[in-house]
Amino acid sequence: MNFDLTDDQRAIIDSARAFAQKELAPHAAEWDAASHFPVDVIRRAGELGFCSLYSPVEQGGMGLSRLDATLVFEELSAACTSTTAYITIHNMATWMATTFGSEAVKAEWGPALVTGEKLASYCLTEPNAGSDAASLKTRAVRDGDDYVLSGSKAFISGAGATDALVLMARTGGDGPKGITCFLVPADASGVGYGRNEEKMGWKTQPTRLVTLDNVRIPARYRIGAEGEGFRIAMKGLDGGRLNIATCSVGTAQAALERAAAYLNERRQFGKALAEFQALQFRLADMATELVAARQMVRLAAWKLDNGDPEATTYCAMAKRFATDAGFAVCNEALQLHGGYGYIREYPLERHVRDTRVHQILEGTNEIMRLIVARRLLADAEAASRIR
Ligand SMILES: Cc1cc2nc3c(=O)[nH]c(=O)nc-3n(C[C@H](O)[C@H](O)[C@H](O)COP(=O)(O)OP(=O)(O)OC[C@H]3O[C@@H](n4cnc5c(N)ncnc54)[C@H](O)[C@@H]3O)c2cc1C
């Protein structure tokens with residue numbers, strides 16, 4: 001097994017790092033403080049292909065592997081977690097539209113989505129359907145050449161500033177098989193937006209409630225067949241979970257590097273903090289957990305790239321492990337900075353605030369455990385297969 005990255009992959013990392021250090025890192029703290037959504041910078045990321053990293057080449061996407069996409073997201077998130085996390089959601093929604101969309105969706109929306117000229121939101125969660133997403137109630141009723149949608153979606157990232165809503169609604173009976181995926185133009189008549197939620201972190205992107213009041217869209221904006229929506233939404237989330245896991249790894253890497261530098265710089269009791277073995281051991285544990293998390297994410301990405309039947313299980317494991325480890329590393333890095341870790345002049349408190357939500361969204365870490373446990377208990381051999 002070769003864990004080395006290829007020359008092409010190193011070049012991808014270099015270009016992502018150069019962009020991140022120039023366009024994201026210098027502004028991340030200021031955007032966070034002002035709750036500013038940097039749409040112009042996201043569009044510039046799109047010019048480099050970062051808005052459609054794994055969307056099909058035939059639709060104008062970069063057609064990279066999921067593993068390659070994680071390399072980009074790791075570099076970007078080390079510079080601005082929250083903005084990168086939105087970019088990953090745009091990538092997920094764009095992949096869904098350009099992979100499963102009708103010819104009309106691909107032709108009318110694909111070109112602007114893949115470049116980031118138009119931005120997308122992913123709309124699954126509802127006020128009363130979070131972890132139990134298959135119980136969603138938003139309705140889409142066929143009416144001639146149109147669908148008419150009514151209902152509401154909660155916690156939608158980017159909402160109010162995006163152009164397309166990749167949205168799951170019920171066309172059939174109860175349960176996952178009654179759900180269909182649509183592309184709803186964000187400015188369609190009857191689409192309403194709640195206030196920008198005041199959040200602990202992820203402040204550089206808006207999060208809003210979206211309401212749909214008899215929203216009429218052409219039937220050609222359906223993504224996939226009727227009843228296929230939940231499957232498409234979950235396929236999107238396999239990649240989405242890798243992406244969010246990667247945002248934790250990238251942020252934690254930045255926090256680890258700062259902590260190591262700080263231990264060398266800061267002196268107490270007449271010596272550098274780096275000389276206290278208790279602190280050395282903590283740094284060693286942080287690096288160990290982080291390397292394990294990165295390898296787990298890359299393993300899951302590789303499984304997804306290679307169509308492994310258990311790819312979903314590995315994506316869930318990676319999301320659970322890397323988001324827990326990433327948050328813990330950021331929190332430890334804050335602790336190692338003492339009081340300075342808690343004040344805004346240093347980025348540690350932002351890293352902690354930004355990575356906390358990764359344990360909650362795109363399926364909570366409890367739901368990740370549910371997915372893994374279900375597979376382990378699926379049949380007599382399952383527990384020996386997943387290794
Ligand atoms: C900042 C932010 C951005 C978001 N962006 C989006 C977005 O762009 N699009 C979108 O569709 N959604 C988005 N979400 C929604 C997110 O995916 C949900 O919040 C998440 O899935 C959990 O749903 P819930 O909040 O309703 O919690 P609930 O489902 O009510 O869960 C509450 C608690 O119970 C636990 N729990 C629930 N069921 C079980 C069970 N069976 N076994 C064990 N424990 C369980 C959960 O893990 C959790 O700890 C976002 C959320 C946030 C906070």
Side-chain angles (χ1 to χ4, degrees), residues 32 35 37 42 81-97 119-138 151-170 176 179 181-184 186 191 193-212 223 229-230 232-241 243-245 247-248 251 315-316 319-320 323-324 327 350 352-374 377:
D32 172 74
S35 294
F37 188 42
I42 294 169
T81 316
S82 163
T83 306
T84 306
Y86 169 74
I87 293 174
T88 75
I89 292 171
H90 173 83
N91 267 268
M92 170 172 67
T94 297
W95 175 79
M96 289 163 69
L119 298 179
S121 289
Y122 173 92
C123 308
L124 177 66
T125 307
E126 299 185 353
N128 292 313
S131 297
D132 185 12
S135 70
L136 65 83
K137 293 267 184 291
T138 295
S152 57
K153 295 286 169 183
F155 297 119
I156 302 306
S157 300
T162 51
D163 306 283
L165 307 174
V166 172
L167 185 142
M168 274 43 75
R170 191 165 299 285
I179 296 172
C181 181
F182 297 93
L183 190 149
V184 178
V191 178
Y193 295 96
R195 66 178 185 141
N196 185 5
E197 303 288 1
E198 289 183 24
K199 308 187 290 289
M200 173 183 180
W202 272 32
K203 287 176 182 284
T204 79
Q205 50 165 307
T207 308
R208 289 193 167 87
L209 180 81
V210 177
T211 53
L212 300 114
I223 294 177
F230 197 71
I232 294 171
M234 293 303 115
K235 279 196 168 293
L237 281 182
D238 280 342
R241 287 169 184 160
N243 299 343
I244 290 299
C247 288
S248 290
T251 310
C315 288
K319 195 269 184 186
R320 204 288 292 160
T323 59
D324 283 351
F327 177 75
R350 174 161 47 86
V352 169
R353 286 189 288 107
D354 281 341
T355 51
R356 182 63 182 85
V357 75
H358 300 178
Q359 296 171 300
I360 296 171
L361 53 60
E362 299 206 359
T364 65
N365 285 2
E366 288 76 22
I367 296 305
M368 296 306 102
R369 291 181 175 93
L370 207 75
I371 292 170
V372 176
R374 254 190 217 141
L377 300 170

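Throughout, numbering of the chain's residues begins at 1 and tracks the sequence. Keep in mind that what you see is a predicted model, and the values were worked out from it rather than measured. In each ligand, atom 1 is the first atom listed, and ligand 1 is the first ligand listed. In what follows, every heavy atom counts, from backbone to side chain, and hydrogens, waters and symmetry copies are set aside.
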Under 4.0 Å to a heavy atom of [X] - the qualifying atoms of ligand 1, by number:
X      : result
Thr364 : 22 (C), 46 (C), 47 (O)
Lys199 : 1 (C)
Tyr122 : 7 (C), 8 (O), 9 (N), 10 (C), 11 (O)
Ile360 : 20 (C)
Glu362 : 17 (O)

Q: Walk me through it: do Thr355 and Thr251 pass the test side chain to side chain donor-acceptor pair (under 3.5 Å)?
A: CA-CA 8 Å; Thr355 51; Thr251 310; over 6 Å; no
Q. Can you name the side-chain hydrogen bond (donor to acceptor under 3.5 Å, both in side chains) partners of Ser121, sequence neighbours left out?
A. Thr162
With a 4.5 Å cut-off on side-chain heavy atoms, are [Y] and [X] touching?
X      : Y      : value
Ile42  : His90  : no
Arg350 : Thr81  : no
Ser157 : Trp202 : yes

Starting from [atom], locate the nearest protein heavy atom and write down its residue, its atom name and how far away it is, to 0.1 Å.
atom                    : result
atom 25 (O) of ligand 1 : Phe155 CE1, 3.9 Å
atom 39 (C) of ligand 1 : Ile367 CD1, 3.9 Å
atom 42 (N) of ligand 1 : Leu370 CD1, 4.3 Å
atom 44 (N) of ligand 1 : Glu366 CB, 3.6 Å
atom 15 (C) of ligand 1 : Thr125 OG1, 3.2 Å

Could you give the distance from [atom1] ([X]) to [atom2] ([Y]), rounded to the nearest 0.5 Å?
X      : Y      : atom1 : atom2 : result
Cys181 : Leu124 : SG    : CG    : 9.5 Å
His358 : Phe327 : NE2   : CZ    : 11.0 Å
Leu136 : Ile179 : CG    : CD1   : 4.0 Å
Leu237 : Leu361 : CG    : CG    : 10.0 Å

Q: Give the single entry among Pro206, Gly130, Ala233 that approaches atom 23 (O) of ligand 1 most closely by any heavy atom.
A: Gly130
Q: Counting heavy atoms only, name the option from Ser121, Ser157, Ser131 that's nearest to atom 27 (O) of ligand 1.
A: Ser131
Does [atom] have any protein heavy atom closer than 4.0 Å?
atom                    : answer
atom 35 (C) of ligand 1 : no
atom 30 (O) of ligand 1 : no
atom 53 (C) of ligand 1 : yes
atom 6 (C) of ligand 1  : yes

Q: Pick out which of Lys319, Arg369, Arg356 makes a salt bridge (charged side-chain N to carboxylate O under 4.0 Å, His left out) with Asp324.
A: Arg369
(Q) Please work out, at 4.0 Å between heavy atoms, whether the side chain, the backbone, both, or neither of Glu197 comes within that distance of ligand 1. (A) neither
Q) Heavy-atom contacts under 4.0 Å between Val357 and ligand 1: side chain, backbone, both, or neither? A) side chain
Q. Would one find more than 12 heavy atoms of other residues, nucleotides or ligands at under 6.0 Å from atom NZ of Lys235?
A. no
**Q.** Criterion side chain to side chain donor-acceptor pair (under 3.5 Å) on Ser35 and Asn196, from CA distance to verdict
**A.** CA-CA 10 Å; Ser35 294; Asn196 185 5; 5.6 Å; no
Q.
Any nitrogen or oxygen of Leu361 lying under 3.5 Å from a nitrogen or oxygen in ligand 1? Just yes or no.
A. no
